[in-house]
Structure formats: structure tokens, C-alpha cells
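Each chain gets a letter, A, B and so on, in the order the sequences are listed, and its residues count up from 1.
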There are 2 protein chains.
Amino acid sequence: MPTIKDVAKRAGVAVSTASYALSGSSKIKGATREKVLLAAKELNYRKNGLAMDLKKSKTKTIALILSDLSGPFYSELIRGVQELALEKEYDLIVCGSHGDESSTAAKFLRETRTDGVILLAHNIKSEFIRESAREGFPIIVLDRHLSGDPNIISINVNNRKGGYHATDYLIQSGKKSVGLISGPSNSADSQDRVAGYKEALEAHGITPLSKWIINGKFTQEGGYQATKMLIHQGDMPEAVFYANDEMAIGGLEALKEHNIRVPEDISIIGFDDIQLTPYLAPPLTTMRQPKYEIGKLAAHIIFQVLEGDQVNEHYTFDTELIKRESVRIGK
Amino acid sequence: MPTIKDVAKRAGVAVSTASYALSGSSKIKGATREKVLLAAKELNYRKNGLAMDLKKSKTKTIALILSDLSGPFYSELIRGVQELALEKEYDLIVCGSHGDESSTAAKFLRETRTDGVILLAHNIKSEFIRESAREGFPIIVLDRHLSGDPNIISINVNNRKGGYHATDYLIQSGKKSVGLISGPSNSADSQDRVAGYKEALEAHGITPLSKWIINGKFTQEGGYQATKMLIHQGDMPEAVFYANDEMAIGGLEALKEHNIRVPEDISIIGFDDIQLTPYLAPPLTTMRQPKYEIGKLAAHIIFQVLEGDQVNEHYTFDTELIKRESVRIGK
DNA sequence: CTGTTAGCGCTTTCAC
DNA sequence: GTGAAAGCGCTAACAG
């Protein structure tokens, strides 16, 4: 590969001249400028972006780290981040955290490769995130609440309140019993939703029954399995709150297999409001997370930190009940 | 930020020693090794990955460039690429081509930042891709057929055949008339599907009617608008072939608004088989693109090129008809 | 305007 | 084993 040196030589100028000309500086005028550009073209020259970033000690890039690149959850979030990045003329790259501490994610967290990162990857340990924190490298975490390090900022959704709201809505709609399919117990998000669920039950004088609280993985398969268990147990609640939409989809499947109709026989509610939620049969009632807004804020904060502004250590969003057709009103 | 130099100094060794120790070389044994590691920890040292890549002239990273990071189309594709990358211990980053030639995508194509790229971004001009090609930098294009440059490899789906198959299926199912909602005319994919559609019609002695061929953008909104137009035109065909699933979703919406039932009143078929396709009401019959396989092959080829193997310039996959419930059998 | 030059932070010969 | 030093490709003083 030809370097800028080669270009300079061929154009018969100094490297600095070539550099200026190539980056469109007004320092270099007509004739010389053309010469350089021509030489670059003739040599099929490509700038080495790595060298540039190294030299400038600045990448103008932020990374969004997702636990599952192929998940259905993120598109709105990405859009939020992307929009702001574009506006600031920053680049956004997204990478996955598959493989834990040996993953691409780990590399981008630990090493200097971008100017900041936004993290939504439950499989990365908090410990690891803390270790990766350093001055001038903002880390925004979206799926937990991490405090104590000024370079780590958390943006969360009020999961407890959301869980409460979802459960309360089910009860207000006339359901006497509501089950819960929760996420994995190592997920802070899930734990908070469970807490909200229990609170709502108790607020209505209902005692949470452990037989109606089943936990599984935050996936379609997890929801399917958990629902199967619930069904085989024999005694079904009148409604069930799924700790996320993906699980609810799996639940819908299991329910369908057993000819249990939604919402005629059982009402269900999800959490997240992922993209495909309105297309389900029936369209799923769910607690919407303002993902676009979260993404936008996350990016916004990164830029603030990068520009030396003061920011809070923690931000919270509320969820919003999106009523669709999976909850039947009245017993 | 402390550098490896600082670490070396603090540990009282030479930089080279620090470098070896830090990267776990067996050259450095017990005592010194510990000293270095300790110093690194005390200084909260982070390796600068950019410097390393520059020095090594190798990034061990491939980029997947997508026109729309938040689109629903890609998850299977990503999974395919990701899996193979993981296996080869390469990192995968994905970025968007929003903003054309000024985008992140352009930067990753034009500059040396990764060892290769996989491209599925119709908004990047072929001209630009050609210009970005260079020795030792494999570019795999997934949405068009580019020939003539040994560093550009195309992987395509047989769109013509797929379009033919879709249309033929509709006709075989008893439909006497089939409309087409196509994608933008600058999309090679769309053009080929249109060609297949016309061929199928003609093979059955049906003359393609331009009033029944409407083109729009490859989005839900595009499909919605195009379908509205078709409806307002007054004379509806018995079936319509949407050039992609997203458009079909928009079409479903428009149809529903006008109380036209699918498949009772009209049959529809899509193209792609995106993730949410089975959840639609009704589940959408569509031509599946083997996205996972394509992703896997794309990654495979990149590694082959990188390892100096000989590869073809062009690969083709066939689509597969996935029968669901949006096409009614019999008139 | 243009050329010379000093690094950005790292790896890797090569000599000891 | 360990250290000195070259250099990956680029930018940005600085001097002319």
C-alpha cells in the first residue's frame, strides 16, 4: 500500500504539503493541490485512518456495545444514538459482546479505540466495566445502575415503577390473579420489575404466590419454556406479566399450542415494546421503554463529557403503558 | 493516559520487556513479569489498540456495512458473519451508511481501518466501491453484482428466479391477475425481481399491465403508499407480489384500513423472509433469502482472501418459497 | 505557501 | 531474558 510519503514523492512535494492537500486545507492552492491529488489517484492511495487517529489522539468514533447484535430490541435505540452522532459528525460503530471478556466488546472497552462507549450488554460484568473506566473515556451503561466512578454514567428505566404499573393495570382490568414470567435473576432490570410486580399485588391485598412466579431466560425460548411450565402446573392465573416482550412472544406460542386464547382465556402484558409487538396476534399490550430517547440521551452525554461539561451520574426514564389487545378489560 | 513507556519506567524495565510481559509472552518470566503487571495496574494502564494495529499493519477486524443499522432485515445475516468471525478470532463491527459518501461507511471503505468489509448498502454507489478497492482488502458486496475487480466479490441471491417463483406460485394458486409493488428503480435487486415477475406472467400468457406495477421505496411506508395508490385506482388484481417484506407489511396496513381481507379478498406474497414475518396477521408467505448462509459465506470468503487463497468472483444463492397464510389456494 | 521534523504508542528485530 | 532502537503512517508545529 502506498503511503502519504509515496504520494508526496510522486507529486514532488513534502509530506506535509501532501497531507494538507489531501485533507483539503486551504493552505495549498491550485497547482500543487492538483499535483498531489493526481499523484494520490495514480497510486491508488488510501489514507490509513488508524495512523491518523493515533496521531490525533482522537477517533471521533463512539461504540455501541450490544449483548446480541442480532436482537430485535435495539433498532430504536440505535436510531437515537445514530442521529446524534451524525449531527456531531462522529462515527458510530456497533459491536457485540458475545464471548464475554474475550469479545470484541471487551477489546473496545479495555483498549483505546473509540472516544466513548454506550453499553447495553448484561453479560459484561460490572467489575469489568469498572476496571475499564478511565479519565476522558465516558462509558454509558444502560442496563444497570453503576455508581461511584465519575466516568461511568447510568441511564435507566424505572423498572420497579414499570413492573408496578403493568401489574396494576392487569388488576384494574379485573384480573384476580396475575402470574409473572421473569428474566434471569442476575439481571437487575428483571429484579426490579419483579419487585414492582409484588408491590402492586400487595397494594391490592393480593399475596404473591411463588407458584405463579417463574423465571427464565430473557428470550423467546425462555418465555416459551416458562409458559409451558405454568400450563403444566395446571392452575393458571387470569393474567400474566412477562418481564420482556421476547418472552411474551414465546408465551404466546406456548399458549396457542394449548389452545388457550389471548385475551379471551388469559390476558398478557409484556415489557419493552419492541418493534414487532404491534404485529403480533393479538397485538401485545406492553410497557414501552423510550428507547429512542435513551439512545439520544446516551449519545448526548458522551459528547458533553467529551467536551468537558459536567453531567449527572445517573438518569432515569419512565416507562409508558401501551394498550393494545392482549389484555381483556373486565374479568 | 499512561503509555507502555510509563509502565516500563515504573516497573524499572525496558519498553520491550513491558510489551512482552503485557502481551503474555513466555519470554518474560516470574519476577519481572509481576513487576510489569503490577505497574500497569497501579497506573491504570490501557493499551492503545490503534497504535498496535498500526504497528502490526493488521486489525483483525472486519466491518459489516449496512444501509440502515436499525432495519429488521439483518439479524440472521449478522449472526452468520458473527459466528465465523468469532471462530477465526476476528472482531466484527457493524456500521451504517447513512449519509452516503460522508458516512461512517465511507470512512471504513476508503480508509485503512479494518482488514475487509462486507457491504449491504444500496445507497453506496458502485463507483465509490470500485474506487475503494485495493490489493489485500477484500470487499464483499451483497446487494449487487460487481465484476472486474479481483478484490471485489459479489454474493447475490437469484432475484430474477425468486421473482419468477413468487409470481408463478400466485398464478398456480389460481390467481388470474397479479400486481407488483416494486422497490426503487435504482435497486438492482428490485429490477431483477421485476424481471422475474414479468417473465412468469408471460410464461402463463398474461401480459404485464403497467397499471398494476407500482414502485416505491423499500420500506413499510413505501409499501403503504404504493398499496394506497393501487386501491384508489379502483381496479384491484387478485394477488400482489411485494418486492420485499417491509413493503408487504405496509401493504397489509393499507389493505386493512380499506377492509380488504388477506387472503380472502386478495393474496399477497413478500420477499426476504424477515424476522417478524411469521408473526404478521396473517403470517406472510414470502421468498426466503438464506441470509444466515450468505453472512457465513461472506465472512468465509474474507478470511480466504486474507489468507491468500483463490476465490471466485461471484456466488449465487437461490431463494426459497416459504408458504404461510397470506396466499389463498384456489381462486 | 512549502519543507523539515518530531512524535502519537506500540511491536519487534537485533545485540548483549 | 532484557534493552536499545527502528519505524508503522500520519499530523502539526515551526521555520523559511
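Rounded to 10 degrees, the angle separating the terminal axes of the helix from C:dC1-D:dG16 to C:dC16-D:dG1 is 40°, with each axis obtained from five end pairs.
Counting only residues at least two apart or in different chains, ring-ring contact (aromatic ring centres under 6.0 Å, His included) contacts with residues 87-106 of chain A comprise A:Tyr90-A:Phe303. For residues 104-136 of chain A, no residue pair satisfies the ring-ring contact (aromatic ring centres under 6.0 Å, His included) rule, not counting sequence neighbours. Among residues at least two apart or in separate chains, side-chain hydrogen bond (donor to acceptor under 3.5 Å, both in side chains) pairs with a member in residues 292-317 of chain B are B:Glu83-B:Tyr292, B:Glu83-B:Lys296, B:Lys88-B:Glu307, B:His145-B:His314, B:Asn156-B:His314, B:Tyr292-B:Lys296.
Residues that satisfy the salt bridge (charged side-chain N to carboxylate O under 4.0 Å, His left out) test with A:Lys107, not counting sequence neighbours, are B:Asp91. With sequence neighbours excluded, no residue forms a salt bridge (charged side-chain N to carboxylate O under 4.0 Å, His left out) with A:Lys58. Scanning for ring pair (Phe, Tyr, Trp, His ring centres under 6.0 Å) contacts around A:Tyr20 gives an empty result, with sequence neighbours left out. Judged as a side-chain hydrogen bond (donor to acceptor under 3.5 Å, both in side chains), and not counting sequence neighbours, A:Thr17 has no contacts.
Note that the first and last nucleotides of DNA chain C, 5' to 3', having any atom under 4.0 angstrom from a heavy atom of chain B are C:dG9 to C:dT13.
Within 4.0 Å of A:Leu54, counting heavy atoms only, lies at least one base atom of the nucleic acid.
Near DNA chain D, defined here as any heavy-atom distance below 4.0 Å, the residues from residues 31-39 of chain B are B:Thr32, listed numerically.
Considering CE of B:Met52 and NZ of B:Lys47, their distance stands at 5.0 Å, rounded to 0.5 Å. Residue A:Ser97 holds its OG atom at 8.5 Å from CG of A:Asp68, rounded to the nearest 0.5 Å.
A donor-acceptor pair shorter than 3.5 Å cannot be found between the side chains of A:Asn48 and A:Arg46.
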Which atom pairs, donor and acceptor, lie under 3.5 Å between side-chain atoms of residues 2-16 of chain B and protein residues at least two apart or in another chain?
| unit_1 | atom_1 | unit_2 | atom_2 | d |
| --- | --- | --- | --- | --- |
| B:Thr3 | OG1 | B:Lys5 | N | 3.1 |
| B:Asp6 | OD2 | B:Thr3 | N | 2.7 |
| B:Arg10 | NH1 | B:Glu42 | OE1 | 2.2 |

Chi angles and distances behind the salt bridge (Lys or Arg N to Asp or Glu O under 4.0 Å) call for A:Arg144, A:Asp189: CA-CA 7 Å; A:Arg144 70 195 85 183; A:Asp189 283 351; over 6 Å; no

Taking N or O atoms only and anything under 3.5 Å, show me the protein contacts with nucleotides 10-14 of chain D, one pair per line.
| unit_1 | atom_1 | unit_2 | atom_2 | d |
| --- | --- | --- | --- | --- |
| D:dC10 | OP1 | A:Tyr45 | OH | 2.3 |
| D:dC10 | OP1 | A:Asn48 | N | 3.0 |
| D:dC10 | OP2 | A:Ile4 | N | 2.4 |
| D:dT11 | OP1 | A:Lys47 | NZ | 3.2 |
| D:dT11 | OP2 | A:Ser19 | OG | 2.9 |
| D:dT11 | O2 | A:Lys55 | NZ | 3.2 |

